[in-house]
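First up is the structure itself, then whatever we jot down about it.
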Amino acid sequence: MAGAAQHAHWSSRWAFIMAAVGSAVGLGNIWKFPYEAGQGGGGAFVMVYLLFVFFIGTPMLVAELSLGRRGQLSPIGSMKKIAQEEKRSPLWGLIGWSGVVGAFIVISFYSVVGGWTLAYMVKSAMGAFSNIDAQTAQDTFVSYISNPVMTLVSHFAFMGITIFIVAKGVQGGLEKAVTYLMPALFAILLVLVVYSGFTGDFAKTVDFLFNPDFDELLYKANSPEAIAAGGAAKVFSLDMVLQALGQSFFSLSLALGSIMTYGSYLTRDVNVGRSALTIAAADSSVALMAGLAIFPIVFAYGLDVAEGGGLVFMSLPIAFGQMPFGIVVGTLFFGLLAVAAITSSISLLEPPVSYVEEKTGWNRRKVAITMGVAAGVLGVLSAYSQGDNMLSSISIFGLSIMDAKDFLTNNIIMPLGGLFTALFVGWFVSRKAMMEELAMEDKTFRIWYFLARFVSPTAIGIIFIKIIYDTVVG
Ligand code: PHE
């Protein structure tokens, strides 16, 4: 349906909001945010994260949505077109390219973790977690990610669902999926928060998440060698602050072309500023709700808050295996993760699909299948790089294939894409064009313009320089 000639549009503001919230809310909120908050010491991390979401992320959402809507094309097409209108170098099209290529790389491994959530939903439903202890939970996870057949099946099952939805087009696929899935997700999450609140340690959770301790955030333990050499036990470090900035970008789906593509399906009557605020508010509420659902269980069962990426897959099954109705709660939880991941993965497949569709004029189904299968094949490398799986011995600069792709996108493509997007809207598109596109009240516009022009580039510039510095020096 969404042919190159007749670019598709959302049928309503509600459909657009649900799609954008669906893109933003994903593994980043429910799986990554709680474990990063756990590692960042809780409240202080949460507070800094929220500041980034509202002062940097939200203005960037506005920027990407308005660029997409102005361009009415894929991220690459839109960036080139606007650069031309503004008499700027066609090289600005590279922002579109980095988004499209970045999204293609991210979906290739996002789908692997998405597959894990599907597999864990099935495991839970079959009662695989009944009364398991920590060791068995860990063995279960490692033996699953090491199994070439199981991981392949779950990865392609997840990718298959994504392709199916994207192939059906904007109104037929994306909209239908998100308008049902997003409300379902909120409902399941609410049930889990209430359940955890009654059975787990809610008081400790509230204290942990909302009572900031900045020492926890700003200092990290010094190395034994440094202490032996007379250094302090703790040293000042911005690592977790920068982590919070990166997480705010990832969580809001910025810099990968997803929001820009969704913006291109927007009609002129939608207020971009208000929509961005709604998306950011919904995204952060889901992250906080995920924390409120997970930490009571973590505290009640004495699990480690700083467990890391294994928090969901290795720790929570222990809790599900012990609690009454654990099969139901566990299956709901992993089902919820899968739903959240699917509504994000469709937005990751969308930028490459919209570009190829525009370039070739092929029908959407053909493009969705081609791009999805290609990303799926690339994803096999990630899937097989985990545990003791077939490619686990391959290391790229000391990283597994999966981690290398994550590093490339999260630490290079996303900060650079964000930085140049902010510079573009702040300094290279005329103020008049942006004012016209945003149609905001004068005061609101000035706040946005200041944040986009000065605050975002400075903050992102610092994060990027710090990443490069750590990589080269550290
Ligand atoms: N925001 C999604 C999440 O939190 C991931 C994502 C990033 C989706 C970038 C699209 C683009 O899981």
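Both ligands and their constituent atoms are indexed starting at 1 by order of listing. Basis for what follows: all heavy atoms, side chains included, without hydrogens, waters or symmetry-related copies.
- Ion pairing of Glu350 with Arg364 is present here, as a side-chain N (NZ or NE/NH1/NH2) and a carboxylate O approach within less than 4.0 Å.
- Partners of Val178 by side chain to side chain contact (heavy atoms under 4.5 Å, CB included), not counting sequence neighbours, listed by chain and number: Met18, Ala19, Met182, Thr343, Ile346.
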Within the protein, flag every N or O under 3.5 Å from an N or O of ligand 1, and note the pair and distance.
from	atom 1	to	atom 2	distance (Å)
ligand 1	1 (N)	Ser23	O	3.2
ligand 1	1 (N)	Ala24	O	3.0
ligand 1	1 (N)	Phe250	O	2.8
ligand 1	1 (N)	Ser251	O	3.1
ligand 1	1 (N)	Ser253	OG	3.0
ligand 1	4 (O)	Ala24	O	3.0
ligand 1	4 (O)	Gly28	N	3.3
ligand 1	4 (O)	Asn29	OD1	3.3
ligand 1	12 (O)	Leu27	N	3.1
ligand 1	12 (O)	Gly28	N	2.9
ligand 1	12 (O)	Tyr110	OH	2.5

- Message: Pair Glu64, Arg69 - check salt bridge (charged side-chain N to carboxylate O under 4.0 Å, His left out), show working.
- Response: CA-CA 9 Å; Glu64 286 199 25; Arg69 181 169 67 181; over 6 Å; no
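- Listed by first and then second residue, the side-chain hydrogen bond (donor to acceptor under 3.5 Å, both in side chains) pairs that reach into residues 91-106 come to none, sequence neighbours excluded.
- The aromatic rings of Tyr110 and Phe250 lie tilted to each other, with the angle between the two planes from 30° to 60°.
- Checked against side chain to side chain contact (heavy atoms under 4.5 Å, CB included), Phe104 has the following partners two or more places apart in sequence or in another chain: Pro352, Met371, Ala374, Ala375, Leu378.
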